[in-house]
**Q** 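Sending over a structure as structure tokens; questions will come in a sec.
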Amino acid sequence: MAYGARAITRDGFNSLPKMTYPGGLLIGCNAGTLNFSKIKGTHTAMKSGMLAGEAVFEAIAEGNEGGSELNSFSGKFKPSWAYDELFRSRNFGVSMHKFGLALGGAFYFVGQYN
Ligand SMILES: Cc1cc2nc3c(=O)[nH]c(=O)nc-3n(C[C@H](O)[C@H](O)[C@H](O)COP(=O)(O)OP(=O)(O)OC[C@H]3O[C@@H](n4cnc5c(N)ncnc54)[C@H](O)[C@@H]3O)c2cc1C
């Protein structure tokens with residue numbers, strides 16, 4: 001019940017915030033990496049976590065202090081398949097909201113396979 005009652009962060013790419021700040025990172029559903037068109041977000045959350053781990057490891061190896069911003073994360077996340085997947089599915093929520101299930105679904109489908 002507790003799991004099923006969780007809120008879902010659904011707006012994906014269009015709502016992704018800046019994911020780095022001094023001393024920390026917003027990753028996974030905390031940032032909003034769910035692919036709303038599939039209602040799946042485990043894989044993208046894990047990918048953002050793996051890239052965050054790499055960025056933190058490199059920062060520590062370079063001797064950066066804890067409060068510095070992990071700018072290298074963006075350079076890793078943007079070329080990743082997770083970012084690409086979120087970018088490609090970015091119009092799903094807005095299509096459904098604006099045009100409804102049938103028309104919105106058709107609009108999104110054409111956008112995906114055009
Ligand atoms: C009903 C439902 C069905 C879903 N089905 C699928 C599916 O079939 N496939 C799929 O890929 N995705 C699915 N998702 C999405 C998927 O669950 C999430 O995208 C994924 O779990 C996000 O992982 P995360 O690690 O970012 O966040 P979470 O899994 O939410 O993990 C965050 C963790 O942080 C903990 N936490 C929060 N605040 C604090 C705090 N202050 N201190 C310490 N800990 C804290 C929470 O208790 C939680 O354990 C579903 C989601 C829901 C709600």
Side-chain angles (χ1 to χ4, degrees):
M1 281 301 285
Y3 183 81
R6 281 174 44 199
I8 207 156
T9 321
R10 56 166 225 188
D11 279 341
F13 184 85
N14 291 328
S15 300
L16 272 185
K18 182 169 174 281
M19 293 167 80
T20 59
Y21 59 90
L25 289 156
L26 289 172
I27 55 170
C29 273
N30 205 14
T33 57
L34 179 98
N35 181 336
F36 182 35
S37 69
K38 296 180 177 172
I39 321 179
K40 293 196 187 303
T42 308
H43 60 309
T44 43
M46 287 175 70
K47 183 64 179 175
S48 67
M50 290 161 70
L51 296 175
E54 283 178 22
V56 170
F57 180 82
E58 286 170 14
I60 292 172
E62 287 166 10
N64 287 352
E65 289 182 20
S68 59
E69 189 149 342
L70 292 163
N71 291 319
S72 69
F73 175 79
S74 305
K76 294 175 185 298
F77 186 60
K78 283 192 176 165
S80 74
W81 57 258
Y83 184 92
D84 183 54
E85 181 178 322
L86 293 176
F87 180 78
R88 280 187 286 110
S89 63
R90 71 194 180 286
N91 290 325
F92 179 76
V94 77
S95 306
M96 294 295 168
H97 182 72
K98 198 165 175 65
F99 302 121
L101 188 62
L103 259 181
F107 179 79
Y108 178 70
F109 181 84
V110 169
Q112 286 289 288
Y113 296 102
N114 193 357

**Q** Between Phe87 and Met19, is there shared hydrophobic-cluster membership here, with clusters defined by ILVMFWY side-chain heavy atoms closer than 4.5 Å?
**A** yes
**Q** State yes or no: do Met96 and Phe36 share one hydrophobic cluster built from I, L, V, M, F, W and Y residues joined by side-chain heavy-atom distances below 4.5 Å, directly or via other members?
**A**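 Yes, one cluster joins them.
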**Q** Is any side-chain heavy atom of Leu86 closer than 4.5 Å to one of Phe77?
**A**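 In short, these two side chains touch, coming nearer than 4.5 Å.
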**Q** Which heavy atom of Thr44 sits nearest a heavy atom of Thr33, and at what distance?
**A**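 Closest pair (atom of Thr44, atom of Thr33, distance): OG1-O, 2.7 Å.
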**Q** To the nearest 0.5 Å, what is the distance between CZ (Phe13) and CG (Asp84)?
**A**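 Phe13 atom CZ to Asp84 atom CG measures 10.0 Å (nearest 0.5 Å).
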**Q** Under 4.0 Å between a Lys/Arg side-chain N and an Asp/Glu carboxylate O for Glu85 and Lys47?
**A** no
**Q** Does a side-chain N-to-carboxylate-O contact under 4.0 Å join Lys76 and Glu58?
**A**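 Looking at Lys76 and Glu58, the cut-off is met.
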**Q** Classify the angle between the aromatic ring planes of Trp81 and His43 as parallel (below 30°), tilted (30 to 60°) or perpendicular (above 60°).
**A** parallel
**Q** Taking all non-hydrogen atoms of both residues into account, name the closest pair between Ile27 and Ala52 and its distance.
**A** CG2-CB, 4.0 Å
**Q** To the nearest 0.5 Å, what is the distance between CG on Leu25 and CZ on Phe73?
**A**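 Taking CG in Leu25 and CZ in Phe73, the distance rounds to 6.0 Å.
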**Q** For a 4.5 angstrom cut-off between non-hydrogen side-chain atoms, does Ser89 reach Lys38?
**A** no
**Q** Is there a donor-acceptor pair under 3.5 Å between the side chain of Thr20 and the backbone N or O of Asn71?
**A** no
**Q** Sub-3.5 Å donor-acceptor pair from the side chain of Ser15 to the main-chain atoms of Gly12, do we have one?
**A**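 The answer is no, because no donor-acceptor pair under 3.5 Å joins these two groups.
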**Q** Quick one: pull up CG in Asn91 and CZ in Phe107 and give me the separation to the nearest 0.5 Å.
**A**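 Asn91 atom CG to Phe107 atom CZ measures 6.0 Å (nearest 0.5 Å).
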**Q** To the nearest 0.5 angstrom, please state how far the CD atom of Glu69 sits from the CG atom of Asn64.
**A**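 Separation between the atoms: 11.5 Å.
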**Q** Working to the nearest 0.5 angstrom, can you tell me the gap between Thr42 OG1 and Met46 CE?
**A** 8.0 Å
**Q** Looking only at heavy atoms, which two atoms of Leu34 and Gly41 are closest? And how far apart?
**A** CD1-N, 3.6 Å
**Q** Just how far is it from atom CG of Asp11 to atom NE2 of His97, taken to the nearest 0.5 Å?
**A**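 Nearest 0.5 Å value for the CG-NE2 distance: 9.5 Å.
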**Q** Report yes or no: do Ile60 and Leu51 belong to one cluster of Ile/Leu/Val/Met/Phe/Trp/Tyr joined by side chain heavy-atom distances under 4.5 Å?
**A**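 Cluster IDs for Ile60 and Leu51 match.
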**Q** Specify the closest pair of heavy atoms between Pro22 and Gly67, including all atoms of both residues, with the distance to one decimal.
**A**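 For Pro22 versus Gly67, the nearest heavy atoms are CB-O, 3.2 Å.
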**Q** Using every non-hydrogen atom in the two residues, find where Ala31 and Pro17 come nearest and quote the distance to one decimal.
**A**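 What the structure gives for the nearest pair is O-CD, 3.2 Å.
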